[in-house]
Trainee: 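Input: one structure, supplied below.
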Amino acid sequence: MKKTILIMAITTVGVSFGQNKIQYPETKKGTTVDVYFDTKVADPFRWLEDDKSAETGAWVKAQNEVTYAYLDKIPFRNALKTRMEKLWNYEKISAPFTEGKFTYFSKNNGLQNQSVIYRKDKNGKEEMFLDPNTFSKDGTTSLGGLDFSKDGTKAAYAISEGGSDWRKVIIIDALSKKVLEDTLVDVKFSGISWRGNEGFYYSSYEKPKGSELSAKTDQHKLYFHQLGTAQKDDKVIFGADQKRRYVGGYVTEDDHYLVISASNSTYGNELYIKDLKNTESQIVTIVDNFNSDNSIIENEGSKLFIETDLNAPNKRVVVVDVSNPKPDNWKDFIPETQNILSPSTGGGFFFANYTKDAVSLVQQYDYSGKLIREIKLPAVGTASGFGGKKEEKTLYYSFTNYTTPGTIFSLEPKSGKSAIYQKPKVDFKSDDYESKQVFYTSKDGTKIPMIITYKKGTKLDGKNPTILYGYGGFNISLTPSFSIANAVWMENGGVYAVANLRGGGEYGKKWHDAGTKLQKQNVFDDFIAAAEYLITQKYTSSDFLAIRGGSNGGLLVGATMTQRPDLMKVALPAVGVMDMLRYHTFTAGAGWAYDYGTAQDSKEMFEYLKGYSPVQNVKKGTHYPATMVTTGDHDDRVVPAHSFKFAAELQEKQEGEHPVLIRIDVKAGHGAGKSVAATIQENVDIQAFTLYNMGFKALPKK
């Protein structure tokens, strides 16, 4: 229920203030006004939504010139980069996997922009298989997926250019590495899943009219590509008659079934199955609504094992026969517990990876549902992996926490024996640091977990530079993991705190739902309470506190800094969803409505969104913290217009001397596939900006 009254461009003068003497680029203002339920809402920077216009391009260039001129003057920025590069420069190797006659793995020698895929034959002879560093000269084209045919003789891999979610798929002979046929184009939000050796399934939208980076995409389709045929002849398997925003398909390991998932939002999916052994078979519906999350994780003949949160908010695994697979016939295989389940299979076993207070607990089951053992982890932290083919004799998993670099372990599932497979050699003294989990009280009395990490012996005197990180959305759990950037921050005396806010998945669906739609303010209250806890307990103070988050976490930072600008010294919103009245009009943004609701849903929902939407809540004459907004000009998930408009509002209305900058990565997207060089520089700039605005003229003494 919205109409636009008129659009007319005018110009405002750039701003200069305070000791920083920043002359911001001129940002013209229009008179666009939208009407929602008889309420007028001005949108003066609507023109920045046009990512194809020369005006927007000129604005991006001008903003970057101002931002980098500011960053260039920070005296310790180069020293920070030197240390970051040194710490980053260690060999990184992935867990191996077998396809056909070869064992594949990825390796990065330390500072390569993209990791390289290698393989070994059965005699141990190693060769390079695929080098994404050759995809483009500047390292902005990355590998977006790789899958092999049943016998391992063919492969298809996806590439992302400039960080875009739109992909190209290249098909090669895996033995000779020669390209077999024309490249598939315009593939988006898709896996690659082979059926035997004849072809594969993939998903995409019709290419939108207008900008492919921002135009709405809402009808996803599942296709089958038959090798040796043109893409234009690819058959639509699902989505032509059923309009769904997200559709995915994958083939079971035994090549017997095609599993199809379809949804309209980021939570809740329909589930379908098709018998690939019977050419006359039809697609069979298993779940016909969007009220639960469901996926088939394994089959044993006609027996299906389904991961679901139907009638189990913390998730369970059920078993059912494909002949009658409706939920009424489901039987518990791994029942729901008080902890959050994430199952996997490999080596002839099931692994129940539980999240308990944001850390991992792993149990192993056989195919009868019998508990075999609990996997002993090396410490408190995050374990992931435990997947593989049924016949594998060895599986692999990784372990990490905020002080321990990711280490790969091998696991013999029959004996339960684990051993270190690959331990990175990082120039960081993990034993000098510690993590402490606390439970603080939010505004409404809810207990919220937070893990605080810092150098042992740190004085709690309120003067420690601190980054508080959060996300709080989309059922995503923030679990402990090591970061080179965070290690450098802590080396320089910094405290790093991660709050496990409502809206995330740390305590299941109820925890998620408690931070959605008309309860979204809970997430911001949880984050504010985390900051207040850190200040009260003297880990830091408002003069030394920075808040950081990306994507939905960028929204979190934007909402928090506009509601409590006094609480922090620095705000670091990255690729954030900042215009809550219009987010659903771009690309696949409408799929986020389960978490957010939309301004068209009802007057109540509109008013609620308007009440916290960062773009609409920047107030003239307010002292906002030093802010550096970060985004990518090719972000087609959370379009950069969100960040552009928020930065323009802040620059116009900021009162006082704190800088408001926007740092826009060129030829970069939402974050996936970003080159190592670009990632390092972004982290250097964020930390330099943060410390400089906390008053540091040199790196803090270690």
Side-chain angles (χ1 to χ4, degrees), residues 18-22 66-88 402 427-428 432-433 452-455 457-470 483-498 531 534-535 538-550 553 557 560-561 565-574 623-630 650 654 656-663 678-702:
Q19 63 182 19
N20 293 301
K21 297 180 180 179
I22 298 176
V66 169
T67 296
Y68 285 107
Y70 182 95
L71 294 170
D72 286 342
K73 293 178 181 178
I74 297 176
F76 51 84
R77 182 176 175 225
N78 288 337
L80 196 58
K81 184 176 181 180
T82 297
R83 179 56 181 157
M84 190 90 71
E85 286 182 336
K86 183 179 179 182
L87 206 58
W88 210 291
Y402 292 118
D427 183 24
F428 178 72
D432 291 349
Y433 298 83
I452 310 167
T453 308
Y454 46 88
K455 185 176 288 187
T458 295
K459 293 181 180 179
L460 302 187
D461 57 5
K463 296 181 180 179
N464 302 303
T466 298
I467 290 177
L468 171 61
Y469 186 87
S483 158
I484 291 295
N486 291 340
V488 171
W489 176 257
M490 292 187 295
E491 278 188 340
N492 288 314
V495 173
Y496 185 70
V498 177
L534 292 169
I535 293 168
K538 297 190 179 299
Y539 285 95
T540 191
S541 63
S542 291
D543 286 337
F544 295 97
L545 177 63
I547 58 172
R548 186 177 181 185
V557 172
T560 301
M561 66 178 283
D566 61 306
L567 191 58
M568 74 294 298
K569 188 71 171 182
V570 177
L572 303 165
H623 289 260
Y624 289 105
T627 303
M628 187 161 72
V629 180
T630 53
L650 285 169
Q654 169 74 305
E657 64 183 25
H658 293 150
V660 176
L661 305 176
I662 181 168
R663 184 187 185 280
T679 301
I680 289 174
Q681 190 62 61
E682 181 180 52
N683 279 290
V684 166
D685 290 347
I686 286 171
Q687 291 188 24
F689 177 85
T690 299
L691 290 170
Y692 188 63
N693 280 282
M694 289 176 177
F696 293 94
K697 303 304 180 186
L699 289 178
K701 293 182 180 180
K702 298 178 183 179

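Please read all numbers here as calculations on a predicted model, not as lab measurements.
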Trainee: Test of understanding: with salt bridge (Lys or Arg N to Asp or Glu O under 4.0 Å), list the residues that count as partners of Glu85, not counting sequence neighbours.
Mentor: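 With sequence neighbours excluded, Glu85 shows a salt bridge (Lys or Arg N to Asp or Glu O under 4.0 Å) to no residue whatsoever.
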Trainee: Between Tyr402 and Tyr433, is the ring-ring contact (aromatic ring centres under 6.0 Å, His included) condition met? List the steps.
Mentor: CA-CA 9 Å; Tyr402 292 118; Tyr433 298 83; over 10 Å; no
Trainee: Can you tell me how far apart CD1 (Ile22) and NE2 (His658) are? Round to the nearest 0.5 Å.
Mentor: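 The CD1 atom of Ile22 sits 11.0 Å away from the NE2 atom of His658.
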Trainee: For the atom pair CD1 (Ile547) and CG (Leu534), what is the distance rounded to the nearest 0.5 Å?
Mentor: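 Here the rounded value is 12.0 Å.
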Trainee: Mind checking whether Lys463 and Lys538 have side chains closer than 4.5 Å, heavy atoms only?
Mentor: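 Not in contact.
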Trainee: If the condition is side chain to side chain contact (heavy atoms under 4.5 Å, CB included), which residues does Asp566 pass it with, not counting sequence neighbours?
Mentor: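 Arg564.
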Trainee: One pair to check against side-chain contact (heavy atoms from CB on, under 4.5 Å): Ile686 and Arg548. What are the steps and the verdict?
Mentor: CA-CA 10 Å; Ile686 286 171; Arg548 186 177 181 185; 3.3 Å; yes
Trainee: Out of curiosity, Ser542 OG to Lys569 NZ, how far, rounded to the nearest 0.5 Å?
Mentor: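 Taking OG in Ser542 and NZ in Lys569, the distance rounds to 9.5 Å.
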Trainee: Do Tyr496 and Ser483 make a side-chain contact, defined as non-hydrogen atoms from C-beta onward lying under 4.5 Å apart?
Mentor: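 No, every pair of side-chain atoms sits at 4.5 Å or beyond.
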Trainee: So how far is it from Asp432 CG to Met490 CE, rounded to the nearest 0.5 Å?
Mentor: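 It is 11.0 Å, given to the nearest 0.5 Å.
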Trainee: Specify the closest pair of heavy atoms between Pro573 and Thr627, including all atoms of both residues, with the distance to one decimal.
Mentor: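 Result for this residue pair: CD-CG2, 4.0 Å.
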Trainee: Do Val629 and Leu661 make a side-chain contact, defined as non-hydrogen atoms from C-beta onward lying under 4.5 Å apart?
Mentor: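 A side-chain contact under 4.5 Å is absent here.
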Trainee: Who are the ring pair (Phe, Tyr, Trp, His ring centres under 6.0 Å) partners of Tyr539, not counting sequence neighbours?
Mentor: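 Only Tyr454 meet the ring pair (Phe, Tyr, Trp, His ring centres under 6.0 Å) criterion with Tyr539.
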Trainee: For Asp427, give me all partners under side-chain hydrogen bond (donor to acceptor under 3.5 Å, both in side chains), at least two apart in sequence or on another chain.
Mentor: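 For Asp427, the residues satisfying side-chain hydrogen bond (donor to acceptor under 3.5 Å, both in side chains) (neighbours in sequence not counted) are Arg83.
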Trainee: Thr67: what forms a side-chain hydrogen bond (donor to acceptor under 3.5 Å, both in side chains) with it, not counting sequence neighbours?
Mentor: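 side-chain hydrogen bond (donor to acceptor under 3.5 Å, both in side chains) check on Thr67 returns nothing, list empty.
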Trainee: Which heavy atom of Tyr469 sits nearest a heavy atom of Gly549, and at what distance?
Mentor: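 Residues Tyr469 and Gly549, closest heavy atoms: CE1-CA, 3.9 Å.
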Trainee: Is it true that a side-chain atom of Asn492 and a backbone atom of Val488 form a donor plus acceptor pair closer than 3.5 Å?
Mentor: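 At least one qualifying donor-acceptor pair exists.
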Trainee: Tell me the closest heavy-atom pair linking Leu545 and Ala531, and the distance in Å.
Mentor: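 Heavy atoms of Leu545 and Ala531 come nearest at CD2-CB, 3.6 Å.
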Trainee: Using modelled atom types and a 3.5 Å cut-off, is there a donor and acceptor pairing between side-chain atoms of Gln654 and backbone atoms of Pro659?
Mentor: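 Judged by distance alone, no pair lies under 3.5 Å.
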Trainee: May I ask you to test the Leu691-Trp489 pair for a side-chain heavy-atom distance under 4.5 Å?
Mentor: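 Heavy-atom side-chain distance check passes, below 4.5 Å.
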Trainee: Side-chain contact, heavy-atom cut-off 4.5 Å: Leu567 with Ile535?
Mentor: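 In short, these two side chains touch, coming nearer than 4.5 Å.
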Trainee: Is any side-chain heavy atom of Asn683 closer than 4.5 Å to a side-chain heavy atom of Ile484?
Mentor: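 Not in contact.
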Trainee: Looking at side-chain heavy atoms only, is the closest gap between Met628 and Leu71 below 4.5 Å?
Mentor: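 They are in contact (side-chain heavy atoms under 4.5 Å apart), so the answer is yes.
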Trainee: Name the atoms and distances for all side-chain donor-acceptor pairs under 3.5 Å in residues 72-81, with sequence neighbours left out.
Mentor:
unit_1 : atom_1 : unit_2 : atom_2 : d
Asp72  : OD1    : Arg77  : NH1    : 2.5
Arg77  : NE     : Asp685 : OD1    : 2.7
Arg77  : NH2    : Asp685 : OD1    : 3.1
Lys81  : NZ     : Gln681 : OE1    : 2.9

Trainee: Between Pro565 and His623, what is the shortest heavy-atom contact and its length?
Mentor: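 Looking at all heavy atoms of both residues, the closest pair is CB-O, 3.6 Å.
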Trainee: How many angstroms lie between CG in Leu460 and CD1 in Ile452, if you round to the nearest 0.5 Å?
Mentor: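 Atom-to-atom, Leu460:CG and Ile452:CD1 are 9.0 Å apart.
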Trainee: How long is the span from the OG1 atom in Thr466 to the CG atom in Asp543, to the nearest 0.5 Å?
Mentor: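 Answer for the OG1-CG pair, Thr466 versus Asp543, is 12.0 Å.
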Trainee: Under a 3.5 Å distance rule, please check whether Thr540 uses its side chain to pair with a backbone N or O of Asn464 as donor and acceptor.
Mentor: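 Side chain of Thr540 to backbone of Asn464: a pair is present.
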Trainee: Less than 4.5 Å apart, side chain to side chain, heavy atoms only: is that true for Met561 and Pro625?
Mentor: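 The answer is yes, as the side chains (C-beta and beyond) meet within the 4.5 Å cut-off.
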Trainee: Is there a donor-acceptor pair under 3.5 Å between the side chain of Ser541 and the backbone N or O of Gly462?
Mentor: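 Between the backbone of Gly462 and the side chain of Ser541 there is a qualifying donor-acceptor contact (under 3.5 Å).
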Trainee: Should Thr690 and Phe696 be marked as a side-chain contact (heavy atoms from CB on, under 4.5 Å) after you check the CA-CA gap, both sets of side-chain angles, and the distance that decides it?
Mentor: CA-CA 9 Å; Thr690 299; Phe696 293 94; over 6 Å; no
